[in-house]
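Some notes on the structure that comes next.
Computed from heavy atoms alone, side chains included, the values below leave out hydrogens, waters and symmetry copies. A, B, ... follow the sequence lines: proteins, then strands. Residue 1 opens every chain.
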Number of protein chains: 2
Amino acid sequence: MSASTGNRRPTIAAVAQAAGVSVSAVSHVFNGRTNISPETAQRIREAADALNWRPNLAGRRISGAVGNSIGLVVTQSEESFRRDPFFIRLIAGLTGPLATVGWSLSLTVAPEADEAQIYRQWWTEQRVDGFLLVDLRTKDPRIPLLRSLSATAVALGPAPAAFPAVTLDDDSALTEVLDHLAGLGHRRIARVTSAPGLAHSRKRDRALSAAARERGLQVKTLAWNENAADPVEELLAARGNVTALILDSEALATRVVSHAQDLGVRVPAELSVLSWEDSWVSELVRPRLTALSAPIEDSARHAVDLMHRMVRGEKPPSVVVPGRRLVVRESTGPVPT
Amino acid sequence: MSASTGNRRPTIAAVAQAAGVSVSAVSHVFNGRTNISPETAQRIREAADALNWRPNLAGRRISGAVGNSIGLVVTQSEESFRRDPFFIRLIAGLTGPLATVGWSLSLTVAPEADEAQIYRQWWTEQRVDGFLLVDLRTKDPRIPLLRSLSATAVALGPAPAAFPAVTLDDDSALTEVLDHLAGLGHRRIARVTSAPGLAHSRKRDRALSAAARERGLQVKTLAWNENAADPVEELLAARGNVTALILDSEALATRVVSHAQDLGVRVPAELSVLSWEDSWVSELVRPRLTALSAPIEDSARHAVDLMHRMVRGEKPPSVVVPGRRLVVRESTGPVPT
DNA sequence: TTGTAGGCGTTATCAA
DNA sequence: TTGATAACGCCTACAA
């Protein structure tokens, strides 16, 4: 198992020798102890730099240190992983905050069938200090699994109390969306969801129905059928007398507005379309999508913070991130007369 | 530095005790030795499962094991990282092959100013076993840096001989692109690039000019100015009598076709647009983009394979991945008469 | 087929 | 202010 490529990497002993001190002196310097004289410390640092040495993470870990990496296991199909701008924003948003605490992101995209095995392995072999849970499902098997492993985890989105969660303030967003549509005269709207098993989807369903009733709006739910020959066509055919569609994901919403024109349905003249997520893609399609923006970078920052505190033994409370905002573009308009 | 949360994780000793054997017996089983009797091995495995134990990666590493993780450091701005479907495809393509060898991907997105520091740190602290280099620039400072660190690296795209590289077969792609445009009657075309400093950009420039000359085509280069009030408008204004545009990146190309219509330039009636990269985004815009597809997943697989072999001490040769193909959609058409 | 013992790189305790 | 030394979890010669 040893590297076949010749000479070893420098160790703390090499640095100690180069600086003419003991290994513990070097260790002290690199662990922020203040008991080493400035001159000695300086000499040690120079020796370390000259040898390109930094404390070996594995050595550190073996002697009790904690906090290197958090795990993100995505079990969407590669296809939907690729098409969903959410993930790339999340990833980009995570790495900055992680870097400031000296951690990194361990990422994998895998089929759901491998999910349990990956969590189990990454945790037991101590590859990661904790997991960031996304796409929580109702009755999510990861919850009991991670509990049984005594693993550290932070959820992104609504989660059972077992783990602290970072959630978006969807309630105020909902108000904004319904007021916008009602103000345009819409009375019959539909929510379209592709993944009814997701926890946030269910929660959103209930909240939407309640808020709609208050305003005298009729809301129904339409299912997205990815396996249809033309999912957009099927959806449009099934819409009945609905005048506005709220799509759960941007991936879906963009496909609907792009393709509706091909199918002879004018957006927003005949049908308004609104996306529950927003990104640059919403600005790319024509008509541009009216969409609900989300402070994903804020969420990522909070998630890292929660993880950081948990790893240090705290039990931080969940956080709700405010700042969702409806970005009105061209895909919503007055109800057809 | 020790975890404050109570009882420790199980160790190899606990498993050995539970199975009634010595620690080395356990170690042997988990390292594929064949010298343990099937019954004993079975008992050991069961004990390990019961305790949720797997060999601690840090322990393994400290005793000479190698191969946990490869590093991917992206120094695009977060904005262009997010807008470029290439990265998400790359990431998704990497994790599968990595998982099959038991590795994971350590990812970060950081400003270019932090680049050297990150590479240096990740390598010296032995966080990763090697780096995957993307977006190589001409005179890329990472090359001498990684050489001086004796770091392992594999390049994606043209690279100096210092490191093995995985490159796409751009030559045949180029032929296909020029034949397509020439066949439509185009004689004056322009290549648009946003990042002239990238190595692949420069290489492509030379190849394109040469191939164009052979066919009697005029090629000029236009620069994308992201800082302009309206980059698309500026680009269109600067195009002169050019009848076809080849955009280096899909992010740019999609913006051009989407926005050209707003600006009254009809694509492809007045101007043909072709993208050097392809993804689902090219199908989303109207007109759909004619684009050059790339076998990114194949590249990812080769990159992992090269890394895997290098870490084991081999010196594998570079590979050229075939399979680029021009996907003709709606954004290219006959030259205007 | 199984077990003993030494070593891997680092940190922390405690003594000098 | 510095240094010697015993962990930490695991692997591998080598001995039994």
Inset, instruction - With heavy atoms under 4.0 Å as the rule, sort N35(B) into base, sugar-phosphate or nothing. - result: base
Inset, instruction - Could you tell me whether R312(A) and D129(A) make a salt bridge, using a distance below 4.0 angstrom between a side-chain N and a carboxylate O? - result: no
Inset, instruction - May I ask you to say what V21(A) touches in the nucleic acid, namely base, sugar-phosphate or nothing, with a heavy-atom cut-off under 4.0 Å? - result: sugar-phosphate
Inset, instruction - Please check the phosphate of dC10(D) (OP1 and OP2 only) for any side-chain N or O of N56(B) closer than 4.0 Å. - result: no
Inset, instruction - Could you work out which one of dC10(D), dC8(D), dT2(D) sits closest to the side chain of S63(A)? - result: dC8(D)
Inset, instruction - Rounded to the nearest angstrom, tell me the gap between atom CZ in F30(A) and atom P in dG9(C). - result: 16 Å
Inset, instruction - Could you tell me whether the phosphate oxygens of dT2(C), OP1 or OP2, come under 4.0 Å of any side-chain nitrogen or oxygen in T40(B)? - result: yes
Legend entry - Whole angstrom value for the distance that separates C1' of dT12(D) from CG of N31(B): 9 Å
Inset, instruction - Using a 4.0 Å heavy-atom cut-off across all strands, classify V23(B) as base, sugar-phosphate, or nothing. - result: nothing
Legend entry - Separation of dC8(D) C1' from R60(A) CZ (nearest whole Å): 15 Å
Inset, instruction - Check whether any side-chain N or O of S22(B) sits under 4.0 Å from OP1 or OP2 of dG3(C), and answer yes or no. - result: yes
Legend entry - Salt-bridge criterion met for R120(B) and D114(B) (N-O under 4.0 Å): no
Inset, instruction - Starting from the 5' end of DNA chain D, give me the residue, H28(B) or I62(A), whose nearest nucleotide shows up first. - result: I62(A)
Inset, instruction - Take the angle between the ring planes of W53(A) and F30(A) and call it parallel below 30°, perpendicular above 60°, tilted in between. - result: perpendicular
Inset, instruction - Give the rounded distance in Å between these two atoms: CD1 of I12(A) and P of dC8(C). - result: 14 Å
Inset, instruction - Look at E314(B) together with R309(B) and state whether they make a salt bridge at an N to O cut-off of under 4.0 Å. - result: yes
Inset, instruction - Grab the CG-P distance between L51(A) and dG9(C) for me, whole Å please. - result: 14 Å
Inset, instruction - Would you verify whether the NZ or CZ of R9(B) falls within 45 degrees of the ring axis of W123(A) while also being under 6.0 Å from that six-membered ring's centre? - result: yes
Legend entry - Separation of atom CZ in R54(A) from atom C1' in dT10(C), rounded to whole Å: 15 Å
Inset, instruction - Select base, sugar-phosphate, or nothing to describe what S24(B) touches, counting heavy atoms under 4.0 Å on all strands. - result: base
Inset, instruction - Please state whether the phosphate of dA12(C), meaning OP1 or OP2, lies under 4.0 angstrom from any side-chain nitrogen or oxygen of R33(A). - result: yes
Inset, instruction - Looking at every strand, decide which applies to S27(B) at a 4.0 Å heavy-atom threshold: base, sugar-phosphate, or nothing. - result: base
Legend entry - For atom CD of Q42(B) and atom P of dT2(C), their distance in whole Å: 14 Å
Legend entry - Whole-Å distance separating the CG atom of L57(A) from the C1' atom of dT11(C): 14 Å
